[in-house]
Amino acid sequence: PPPPTPSPPEAPPAPEQGMSCVVHVTSSTRLDRGGPSISVTRLVESLQLEGVRCVLVCPDHSSDPLVHVQLGVPNYSSLREWFKREGGDTGALVHFHGIWDWHLHRNAWWCRRKGIRYIVSPHGMLEPWALQAKWLKKRVAWWLYQRRDLQGATLLMATATSEGEQFQRLGLRSPMVVYPNGVDIPERSVCTMEDCGVRQALFLSRVHPKKGLLMLAEAWAKLQPQGWRMLVVGPDVGGHRRDVEAVVRELGIEGDWEFRDSLYGEDKERIFLESDLFVLPTHSENFGIAVAEALAFGIPVLTTRGAPWEGLLERDCGWWVDATTQGVFSGLREGTQASDERRREMGLRGRVWMQEAFGWRGIAAGIRREYEKTGWRSDG
């Protein structure tokens, strides 16, 4: 298993006696389960530094070797177990991360039964692309329980304005706020690295149909950028990597492309530092944590309008294109034909942007204020 990610150097403040907690309920903290597994644990760490006593309800967090980090907070398998063991803290607030999962629904129902306020962060699971996947099961679930779970929330929390607009299109009327995910700012960046010869474009995410790798392969074959290689890193979902590799061979670009399984810790950091361009040709993202990570390393980013990163254009640190093969081709052409100096300048602007607007402590402080607006108080 990968080494655990180190916790922040500061120790969280000691909770006061009788202090009400915020219980974070999620389905998994495994690294191979996508962005929420990282963002939830980092949020919990950062909230503790802001004086919020946190509890985790997650079925795999204590036992699975692929968890993001051991948080040092109480972990329970259900809200019922937490309530029983901690003596019935009715002043607590529950924060759900994700939807659809039966584990989440069962606990949301329990909150309503006990009259405990809760917040829901869907993490992109209501986006149009996500709703199309297994659409029949989701349609049934929507009318059986999911709509009721969302309507019962004291607050809905989106990671981008576009996600909040989707809540409204679905007829959800609970109050809504927007808070992006945070990102850790690494000490080193590609802006300080020496030239390594061959330029590297990096895709680092789940290898899933919605991530647009087939569009990227077609665009790459059309452009055939000289002096560039394409590195695809991430867990295979449902055998999609096999489909992408087959298309890469058919297009005759297998000499330019390399596939690797998930990387963690120092190995992941090294891959970022060796890359000159980050590419996420996604059909749909509510946030896209990999985009923020790449920018934090000083790498200019190419992504699509399926991800809420229009700031790439406003900050001049990347390319935000249509989620089509032609759109990806245009962005790829500009990104690979830009001078090294131009890409480094763009990457530096992106890194500054992440430092200014996406630091975890600032986001955690804002979310604590949202908790307090619901009536939650740390003193119970």
Side-chain angles (χ1 to χ4, degrees), residues 7-8 10-26 29 36 39-58 61 69 71-99 104-123 148-159 164 167 172-182 358-380:
S7 298
E10 302 177 58
E16 302 173 9
Q17 186 69 26
M19 178 179 178
S20 283
C21 62
V22 176
V23 186
H24 295 266
V25 185
T26 186
T29 53
S39 62
V40 171
T41 51
R42 287 297 289 117
L43 176 61
V44 168
E45 289 177 318
S46 301
L47 284 169
Q48 290 184 107
L49 295 175
E50 292 299 315
V52 178
R53 177 175 176 252
C54 293
V55 171
L56 188 67
V57 171
C58 178
H61 185 75
V69 64
L71 290 169
V73 302
N75 177 46
Y76 299 102
S77 61
S78 70
L79 285 172
R80 188 190 300 270
E81 180 189 2
W82 154 75
F83 196 77
K84 181 178 180 180
R85 291 197 184 183
E86 297 211 2
D89 184 3
T90 55
L93 179 68
V94 176
H95 191 159
F96 287 94
H97 299 274
I99 57 173
L104 301 174
H105 161 62
R106 180 163 47 89
N107 284 290
W109 171 85
W110 190 88
C111 279
R112 293 196 299 275
R113 181 168 176 254
K114 291 291 184 180
I116 296 176
R117 293 158 297 186
Y118 64 88
I119 291 172
V120 180
S121 294
H123 290 286
R148 186 182 306 112
D149 290 350
L150 291 164
Q151 296 284 40
T154 302
L155 183 69
L156 297 177
M157 193 169 290
T159 53
F167 297 167
L172 300 175
R173 296 293 177 259
S174 297
M176 184 270 296
V177 293
V178 177
Y179 276 89
N181 290 325
F358 290 84
W360 268 117
R361 288 297 299 272
I363 289 170
I367 290 178
R368 174 178 176 144
R369 289 192 293 271
E370 298 299 335
Y371 290 164
E372 291 172 342
K373 289 177 184 178
T374 70
W376 172 84
R377 292 291 182 270
S378 63
D379 59 3

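Side chains included, hydrogens not; waters and symmetry mates left out as well; all remaining heavy atoms used.
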(request) May I ask you to decide whether Glu81 forms a salt bridge with Lys84, counting only side-chain N to carboxylate O separations under 4.0 Å? (result) no

(message) Once you measure the plane-to-plane angle for Trp82 and Trp110, does it fall in the parallel (<30°), tilted (30-60°) or perpendicular (>60°) bin?
(response) perpendicular

(request) Looking only at non-hydrogen atoms, find the nearest pair between Ala364 and Leu47 and report the distance. (result) O-CD2, 3.5 Å

(message) Are the side chains of Leu155 and Met176 in contact, using a 4.5 Å heavy-atom criterion?
(response) no

(request) Answer yes if the side chains of Ser121 and His95 hold a donor-acceptor pair under 3.5 Å, and no otherwise. (result) yes

(message) Do Pro36 and Thr26 have side chains that approach each other closer than 4.5 Å (heavy atoms only, starting at C-beta)?
(response) no

(request) Mark yes or no for whether Arg368, through its side chain, and Glu50, through its backbone, hold a donor-acceptor pair below 3.5 Å. (result) yes

(message) If I take atom OH from residue Tyr179 and atom CD1 from residue Ile363, how far apart are they, to the nearest 0.5 angstrom?
(response) 9.5 Å

(request) Report yes or no: does Ser39 contribute a side-chain atom to a donor-acceptor pair with the main-chain N or O of Asn181 at less than 3.5 Å? (result) no

(message) For a quick test of reading the model, state the closest non-hydrogen atom pair linking Ala92 to Ser20 and the distance between them.
(response) N-OG, 4.2 Å

(request) May I ask you to decide if His123's main-chain N or O and Thr159's side chain share a donor-acceptor pair within less than 3.5 Å? (result) no

(message) Can you tell me which residue among Thr41, Asn75, Val44 is in a side-chain contact (heavy atoms from CB on, under 4.5 Å) with Thr29?
(response) Thr41

(message) Quick check: do Leu43 and His97 have side-chain heavy atoms less than 4.5 Å from each other?
(response) yes

(message) Give me the atom names and distance for the closest heavy-atom approach of Thr374 to Arg117.
(response) O-NH1, 3.1 Å

(request) Kindly indicate whether the side chain of Met157, heavy atoms from C-beta on, has any atom under 4.5 Å from the side chain of Ile367. (result) yes

(request) Check for a donor-acceptor pair, side chain of Tyr118 on one end and backbone N or O of Asp149 on the other, with a separation under 3.5 Å. (result) yes

(request) Using a strict cut-off of less than 4.0 Å between a Lys/Arg side-chain nitrogen and an Asp/Glu carboxylate oxygen, indicate whether Arg369 and Glu372 qualify as a salt bridge. (result) no

(request) Return the minimal non-hydrogen interatomic distance between Leu79 and Cys111, and the atom names on each side. (result) CD1-SG, 3.5 Å

(request) Under the side-chain contact (heavy atoms from CB on, under 4.5 Å) rule, what do Leu172 and Gln151 come out as? Steps first, then yes or no, please. (result) CA-CA 6 Å; Leu172 300 175; Gln151 296 284 40; 4.0 Å; yes

(request) Taking the side chain as every heavy atom from C-beta outward, state whether Pro74 and Glu86 have any atom pair closer than 4.5 Å. (result) yes

(message) Test side-chain contact (heavy atoms from CB on, under 4.5 Å) on Phe83 and Ile116; report intermediate values, then the result.
(response) CA-CA 11 Å; Phe83 196 77; Ile116 296 176; 4.0 Å; yes

(message) If I compare all heavy atoms of Val120 with all of Gly98, which pair ends up nearest, and what's the gap?
(response) CG1-O, 4.3 Å

(message) Does any part of the side chain of Val94, heavy atoms only, come nearer than 4.5 Å to the side chain of Asn107, both counted from C-beta?
(response) no

(message) On a heavy-atom basis, which atom in Tyr371 and which in Leu93 lie closest, and how many Å separate them?
(response) CD2-CD2, 3.5 Å

(message) Around atom CZ of Arg85, are there more than 12 heavy atoms from other residues, nucleotides or ligands closer than 6.0 Å?
(response) no

(request) Calculate, to the nearest 0.5 Å, the distance between atoms SG and CD belonging to Cys54 and Glu45 respectively. (result) 10.5 Å

